[in-house]
Amino acid sequence: MKRAVTPGTFDPITYGHLDVITRAAQLMDEVIVGVAASPGKAPIFSLEERAELARASTAHLANVRVEPFEGLLVDFARAVDAQVLVKGLRAITDFEYEFQMAALNYELERAIETVFIMSPPQYMYLSSSIVRELARLGSPVDQFVPAPVAEALARKFA
Ligand code: COA
C-alpha cells in the first residue's frame, strides 16, 4: 500500500493545492493531506478550521483524508506510516526552497521519498496569500478556491 502525505499550511486550501492532491490520489493508494500548524506563518484560519476546509474540499476523493499536525513533517509522515511526500512545484522560484526542504527531510528520514508534481499553467501564480489578499479587498475568489473556502473567507472578512 503506497501512502503519501501532501503537506502544507493550507491557509486556506486553493484549487492549486486541490490539483496536486487529486493527481497524487491518482498515483497513490492513499493520500493524507497533512495540515501543518505553522505557527510561524500566523495563519488567519485556526488549525481546525484549515483542516475542516480541506476536508470539505476533498470529500469527493475516496482515497484522501485530512489530518492536522504539529511538529516535524517527517515525524508526522512516520506516524501515519507514509512512504512518500508529494509537493507541488509552481515555478522556478519554488525550486530552491523545495530542494532545500526535500534534502533536509531526506537527511532526517531516508525511508521517506519526496516527489514533485508540476502545477499546470493556470495555477502557477496562485498562493494562499494572494487569495487572502483578494478576499480582504472584497474581490470574488470563486475561481481560485472551492465554495466552502470562498464562504469561509467571506465570513472572515465580513
Ligand atoms: N497551488 C497553490 N498554492 C500553492 C501550491 C499549489 N500547488 N503549492 C504551494 N502553494 C502556496 C501555499 O499556499 C503557500 O502560500 P502562502 O505562503 O501564500 O500562504 C506557499 O505556496 C508556500 O507553500 P509551501 O512551501 O508548501 O508552504 P506551506 O506553508 O503551505 O507548507 C510545510 C510548508 C508545512 C510543508 C513546511 O513548513 C513543513 O514541512 N512544516 C512542518 C515543520 C517541518 O518539518 N519543517 C521542516 C524542517 S525545519
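Both ligands and their constituent atoms are indexed starting at 1 by order of listing. In this chain, residues are counted from 1 in sequence order.
Distance check for atom 47 (C) of ligand 1: a protein heavy atom is found below 4.0 Å. Distance check on atom 23 (O) of ligand 1: every protein heavy atom falls at or beyond the 4.0 Å cut-off.
Residue G71 has at least one heavy-atom neighbour below 4.0 Å for each of these atoms of ligand 1: 41 (C), 42 (C). Near S127, with a cut-off below 4.0 Å to any heavy atom, the atoms of ligand 1 are 3 (N), 15 (O), 18 (O). Listed by number with element, the atoms of ligand 1 under 4.0 angstrom from any heavy atom of E98 are 25 (O). The distance from ligand 1 to the heavy atoms of T14 drops below 4.0 Å at these ligand atoms: 2 (C). The atoms of ligand 1 that sit less than 4.0 Å from any heavy atom of L73 are 39 (O), 41 (C), 43 (C), 44 (O). Shown in contact with R132 at under 4.0 Å from a heavy atom are these atoms of ligand 1, numbered in order with element: 19 (O). Close approach to G8 involves these atoms of ligand 1, each under 4.0 Å from a residue heavy atom: 30 (O), 31 (O), 34 (C). Near V20, the atoms of ligand 1 lying under 4.0 angstrom from a non-hydrogen atom of the residue are 7 (N).
For A36, every heavy-atom contact with ligand 1 shorter than 4.0 Å involves the side chain, none the backbone. Counting heavy atoms closer than 4.0 Å to ligand 1, residue K87 contributes side-chain atoms (C-beta onward) but none from N, CA, C or O. Counting heavy atoms under 4.0 Å from ligand 1, residue S119 touches it through the side chain alone. Both the backbone and the side chain of L72 come within 4.0 Å of ligand 1, judged by heavy-atom distances. Counting heavy atoms under 4.0 Å from ligand 1, residue L104 touches it through the side chain alone. At a 4.0 Å heavy-atom cut-off, ligand 1 touches T9 through backbone and side chain alike.
When the heavy-atom distances from atom 14 (C) of ligand 1 to M118, K41, Q100, M101 are ranked, the shortest goes to K41.
Ranking the protein heavy atoms by distance from atom 12 (C) of ligand 1 puts H17 NE2, 3.6 Å first.
Put simply, L18 and L27 are part of the same group of oily side chains (I, L, V, M, F, W, Y) that touch within less than 4.5 Å, one to the next.
Counted within 6.0 Å of CZ on F157, heavy atoms from surrounding residues, nucleotides or ligands total more than 12; the atom is thus considered enclosed. The environment of CG in L137 is crowded: more than 12 heavy-atom neighbours from other residues, nucleotides or ligands sit within 6.0 Å. Counting heavy atoms of neighbouring residues, nucleotides and ligands inside a 6.0 Å radius, atom CD of E70 does not exceed 12 of them.
Looking at heavy atoms from C-beta onward, K156 lies out of side-chain contact with R132 at the 4.5 angstrom threshold. The shortest side-chain heavy-atom distance between V35 and T9 does not fall under the 4.5 Å cut-off. I32 places a side-chain heavy atom less than 4.5 Å from the side chain of R3.
Between the side chain of T58 and the backbone N or O of L61, no donor-acceptor pair lies under 3.5 Å. Counting only distance, with no hydrogens or angles, the side chain of D19 and the backbone of Y15 share no donor-acceptor pair below 3.5 Å.
Nearest approach of V5 to P7, heavy atoms of both residues: O-CD, 3.4 Å.
Put simply, part of Y97 is less than 4.0 Å from ligand 1, judged by heavy atoms. Residue contacts with ligand 1 do not include A37, since none of its heavy atoms lies under 4.0 Å from the ligand.
Of the candidates K41, R50, E49, D11 forms a side-chain contact (heavy atoms from CB on, under 4.5 Å) with just one, namely R50.
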